[in-house]
Amino acid sequence: MTPLGLIGDFQADRVHHGGHDKALHHYPAEHYVTWQAELPSRSGLFHPGGFGENLSTRGLHEDSVCLGDIFCLGTTLIQISQGRQPCSKLNLRFDSPDMLERVRANGRTGWYYRVLKPGEIGIGDALTLHKRPLPDWTLSRLWKTLFGAHKDRNDLTWLSQQPILGASWRERAARRLSE
């Protein structure tokens, strides 16, 4: 794992994927079971790796992890930098014209990490919480603040200036303030 992601990893769209704030993408394995139940005709598409993630685990989800959480994985240290902002490519990937809207509505987006300490990772390595600097900022709360109907100016101002938050999402917070 390097500061820019896994050696040999390929992102089709380097403008919107990859980079320091998006070095590693995590999608909860439990979400796949839910997707299979919601869209049974496409159940074969819902398996780890289906959302383009590099990492899939059980027991972590958008309500249980927080912005800035630092995890040990193998010999690396990684930090949650932002949630994933889904795009219309999900409609194509899952052959569902409303998949993007489904993901936005339910908040099952997954998230990105930045690499604080490069190192080696492998299949089966434990992902262990090392530090939680912002326990009030679950990714669900972050998603609702940046993309929900309610606009909390204090939260948006704080997020727009929060260096732990990925640059593109700080910019999103600043844009919401001016809307």
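Nothing fancy with the numbering, it's 1 onward along the sequence. If you're wondering where the values come from, they're calculated on a predicted model, not measured in any experiment.
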K.L.:
Looking only at atom types and distance, does a side-chain atom of N106 sit under 3.5 Å from a main-chain N or O of R102, one as donor and one as acceptor?
P.N.:
yes
K.L.:
On the 0 to 90° scale, with breaks at 30° and 60°, tag the W35-F46 ring pair as parallel, tilted or perpendicular.
P.N.:
parallel
K.L.:
Parallel, tilted or perpendicular: which fits the ring planes of Y112 and H25, with parallel below 30° and perpendicular above 60°?
P.N.:
tilted
K.L.:
Can you confirm whether N54 sits close enough to H26 that some side-chain heavy atom of one is under 4.5 Å from a side-chain heavy atom of the other?
P.N.:
no
K.L.:
Are any side-chain N or O atoms of N91 and backbone N or O atoms of M99, one a donor and one an acceptor, separated by less than 3.5 Å?
P.N.:
yes
K.L.:
Say you draw a straight line from CG of L45 to CZ of R93; how long is it, rounded to the nearest 0.5 Å?
P.N.:
5.5 Å
K.L.:
Hey, would you say the W137 and W158 ring centroids sit under 6.0 Å apart?
P.N.:
yes
K.L.:
Decide whether S140 and D63 meet the rule of one side-chain donor and one side-chain acceptor closer than 3.5 Å.
P.N.:
yes
K.L.:
Report yes if some heavy atom in the side chain of Q162 is under 4.5 Å from a heavy atom in the side chain of W169; otherwise report no.
P.N.:
no
K.L.:
What distance separates L159 CG from L165 CG, expressed to the nearest 0.5 Å?
P.N.:
6.0 Å
K.L.:
Can you tell me how far OG1 of T138 sits from NE2 of H61, rounded to the nearest 0.5 angstrom?
P.N.:
10.0 Å
K.L.:
Please answer whether the main-chain N or O of Y27 pairs with a side-chain N or O of S56 as donor and acceptor at a distance below 3.5 Å.
P.N.:
yes
K.L.:
Does any N or O in the side chain of S160 come within less than 3.5 Å of the main-chain N or O of A174, such that one atom is a donor and the other an acceptor?
P.N.:
no
K.L.:
For the pair D155 and R141, find out whether any cationic side-chain nitrogen is under 4.0 Å from an anionic carboxylate oxygen.
P.N.:
yes
K.L.:
Indicate yes or no for a side-chain donor-acceptor contact from Q79 to the backbone of R114 under 3.5 Å, with no hydrogens or angles considered.
P.N.:
no
K.L.:
Look at the side chain of D69 and the backbone N and O of I80, then say whether any donor-acceptor pair between them is shorter than 3.5 Å.
P.N.:
no
K.L.:
Can you tell me how far the SG atom of C72 sits from the CG atom of L116, to the nearest 0.5 Å?
P.N.:
10.0 Å
K.L.:
Are the side chain of R176 and the backbone N or O of T145 linked by a donor-acceptor pair below 3.5 Å?
P.N.:
yes
K.L.:
Is there a side-chain contact between L55 and Y113, using heavy atoms and a 4.5 Å cut-off?
P.N.:
yes
K.L.:
With a 3.5 Å distance limit and no angle check, can you tell me whether D21 reaches the backbone of G166 through a side-chain donor-acceptor pair?
P.N.:
no
K.L.:
So, applying salt bridge (charged side-chain N to carboxylate O under 4.0 Å, His left out) with R108, which one of E38, E30, E62 is it?
P.N.:
E38
K.L.:
For atom NZ of K131, decide whether the heavy atoms of other residues, nucleotides or ligands shown that lie under 6.0 angstrom number more than 12.
P.N.:
no
K.L.:
For Y32 and F51, take the angle between the two ring planes, folded into 0 to 90°, and tell me which bin it lands in: parallel under 30, tilted 30 to 60, perpendicular over 60.
P.N.:
tilted
K.L.:
State the CD1-CZ distance between I70 and R132, to the nearest 0.5 angstrom.
P.N.:
11.5 Å
K.L.:
Can you tell me how far CZ of F71 sits from CG of L129, rounded to the nearest 0.5 angstrom?
P.N.:
5.0 Å
K.L.:
Strictly distance-based, threshold 3.5 Å: is any side-chain N or O of T2 a donor or acceptor partner for the main-chain N or O of L4?
P.N.:
yes
